[in-house]
Structure formats: structure tokens, C-alpha cells
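In the text below, chain A, chain B and the rest are named by the order of the sequence lines, each starting its count at 1. Note that the structure is a prediction, hence the values are computed from the model and not measured.
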Amino acid sequence: MSLDLSLSRILPRPRTLLLSLVLAVAGVVLWHSTEQQYRERLSWMGVTEWQQPSAQTFTRVLRNDGYLVGWSDFRVGALWASYTLQDRGDVNIGPRPDFDADWRTLWPVSTSSYSGSGYDRGHLAPNYAMAVNGGEAAQQDSFLMSNMLPQRPKLNRQLWQRLEAVVMDHFLPRFGRLQVITGPIYAPMEWASVESWTRLALDRVGFIEIPQSFYKIVVVPGETPRAVAFIMPQDVQGDEPLSDYLVSIDEVERRTGLNFMPSLPPAVESAWEATAGVGDWNLSKVSQLPARFN
DNA sequence: TTTATTGT
């Protein structure tokens, strides 16, 4: 008896091969369209893009319960977090969960990576907003380390906390629905400067690059959408008026290189170009509200 | 605890 090792015995029959291919393609198409639907639900008018894509700007979109994160393997940190909020009235939220490592980042960012650094683990998509809007699963996901960036305590616990509280306590009840995009701004990289390289190599918490400042964009979806944006630096006292940090969305795009809400009609976008705070946000009323913690 | 770390 001889052993038949000819290819025809090993390879599937042409018909089987074709069927497998068709199923594989159908699977990919289905997965892609499902993933698109998830992403669109969490980001009104399109997922954040780069103005000029390059190897350095490579971003992976991590989908979570309640929010999306654009993860940069180059910075070892998120470049943006995006979520939509719906006013749900008074909701009791569960206890504050523990921080959790996220294996998808590939880089080892553990829950103790920030220890002794002098920086807080600052949420991009906030615990409270995620808990109210998306329930327990979203709240738990908001504690993934991929949703954290190094923030100075006075920024995280005071100025930034006040901004997050205003979004939930004033903007959301008033407008009913919001699109929020938030993330870091890094010092511009000058390729010819030794200082720039030194900072890139050393100004880190573990592997994570330390941002210079943070932005938050808040939009009321609609045909003539309102928009407001802030950029807040690391070094603040915490009790400054929020309105001191008002910027236009265009300014945030210039400083990040990102293109937010890429599907917006050009007319709407150009209306936002130079204006900080399109429409009335009643900032004078909320700008000086105190921090919850001191 | 609508933010967190430190230290016990």
C-alpha cells in the first residue's frame, strides 16, 4: 500500500474552496458594517480622522461600551475619545469601579503605571457620564487604562472636573443630546531639535507620553449645530473661569492635526472656523462654579 | 464621592 501525498488529496475541492472564500468575504463584510454601525452610534457626523495621514499618525480605533478611543501606538496613549450623551434625568450610578489594564494597547500600561509619577490617571471619557448614559458596562469600560492620560492633580480634580460637571449638569439637561470629543495636545515635534527628542524620550509616565494640554469639544447635534471647545493646560490652579480656556474647533484641529466630525457639511464647518462657542452656552452662569473636591 | 493618590 502506498501513501498518496499528491496535492489533490490535501487541497479541498474547488467547490469547497470557493464556498469557503465566499463565506469568509461575507463574514468580513458583515463584521465591517456592524463595526461601522457601532462607531457611528458613538460619533455623530463621522469618526475622527487625520488631516494628513502618515506612519507617525497611525491610530487604531478601540470600541468600548459607550465610547470610542483613537489609540496611538506612537504616543502610547489615546488621541481622542468620542461619545454621544442623551439626557436621562436623575440616574443613580453604581460604585466607582477599579482601574483595569487594556490588552488591546499592546504596550504594557498597567493600573500601577502612574504610581509615584506625580500625575493622576485622568479619564478622557468620564466615569460619571459613561455610568449615567451607558450603565454599568460603560462605566466599567471607562476605567480601562486606554482611556487614561497623565493629568496634573489640580487639572484633573478641579478645573477638568468642573468642566465635566458643567457638561452633565447644565449642557445636557438644556440641550437633551450632546456629542463630546476629548483628548490630549502634545508639544509640537521638531525633528531637528535635540530638546524635542529628549522630551519625546524622557517626558513620559512609564511608556506614556505626557500631554501638554487637553481639549474638549461639545456639540449639540442638529441642522445648525451649536459647538463649544476648550483647551486646558496641565499647569492650572483649578479655580480659573472655564471661559478663560474657550477656543474654536479650528484651533483644536490646528493643534492636534485631527479632523473632527469629517462628515459635516462644509457650510457648517466653515461657520465654526474662527468662532469660539457657536450659539449661546450661558457660560457666564457656569464658568465659576466650584470644584466638587479640594 | 460626578476627581484622585498616598500611606496604613
Notebook entry, point to check: Does A:Arg152 pair with A:Asp120 as a salt bridge, N-O distance under 4.0 Å?
Noted result: no
Note to self: So, OP1 or OP2 of B:dT2: does either fall under 4.0 Å of a side-chain N or O from A:Arg292?
What the structure shows: yes
Notebook entry, point to check: Of the nucleotides B:dT3, B:dT5, B:dT2, which has the atom closest to the A:Asn156 side chain?
Noted result: B:dT3
Margin query: Quick check for you: among B:dT3, B:dT2, B:dT5, whose closest atom lies nearest to any side-chain atom of A:Ala165?
Written below: B:dT2
Notebook entry, point to check: A:Gln237 has an atom CD; how far is it from atom P of B:dT3, in whole Å?
Noted result: 22 Å
Next item on the list: In whole angstrom, give the distance that lies between atom CZ of A:Phe293 and atom P of B:dT5.
Entry: 13 Å
Margin query: Rounded to whole Å, please give me the gap between CE in A:Met168 and P in B:dT3.
Written below: 11 Å
Item checked: Modelled atom types, side-chain donor and acceptor of A:Glu49 and A:Thr59, under 3.5 Å -> no
Margin query: Tell me which pairs pass salt bridge (charged side-chain N to carboxylate O under 4.0 Å, His left out) where either residue lies in residues 57-66 of chain A, with sequence neighbours left out.
Written below: A:Glu35-A:Arg63, A:Arg60-A:Asp73
Check: In whole angstroms, how far is the P atom of B:dT3 from the CG atom of A:Leu149?
Finding: 16 Å
Notebook entry, point to check: Starting at the 5' end of DNA chain B and moving along, which residue's nearest nucleotide shows up first, A:Ile93 or A:Phe99?
Noted result: A:Ile93
Item checked: Protein-nucleotide distance (A:Asp169, atom CG; B:dT3, atom C1'), rounded to Å -> 14 Å
Item checked: Over-ring placement of A:Arg75 relative to A:Tyr186, 6.0 Å and 45° cut-offs -> yes
Notebook entry, point to check: Do you know the tightest heavy-atom contact between A:Phe74 and A:Arg204?
Noted result: O-NH2, 4.0 Å
Check: In whole Å, what is the span from the CG atom of A:Leu155 to the C1' atom of B:dT3?
Finding: 11 Å
Notebook entry, point to check: Parallel, tilted or perpendicular: which fits the ring planes of A:Phe143 and A:His123, with parallel below 30° and perpendicular above 60°?
Noted result: perpendicular
Checklist line | Distance-only donor-acceptor check, side chains A:Asn64 and A:Arg104, under 3.5 Å | finding: yes
Set out, line by line, the N/O atom pairs under 3.5 Å between protein and nucleotides 6-8 of chain B.
from: B:dT6; atom 1: OP1; to: A:Gly116; atom 2: N; distance (Å): 3.2

Margin query: Does B:dT2 have its OP1 or OP2 closer than 4.0 Å to a side-chain nitrogen or oxygen of A:Arg96?
Written below: no
Next item on the list: Give the rounded distance in Å between these two atoms: CG of A:Leu178 and P of B:dT2.
Entry: 20 Å
Next item on the list: Round to the nearest Å and state the distance from A:Trp160 atom CH2 to B:dT3 atom C1'.
Entry: 13 Å
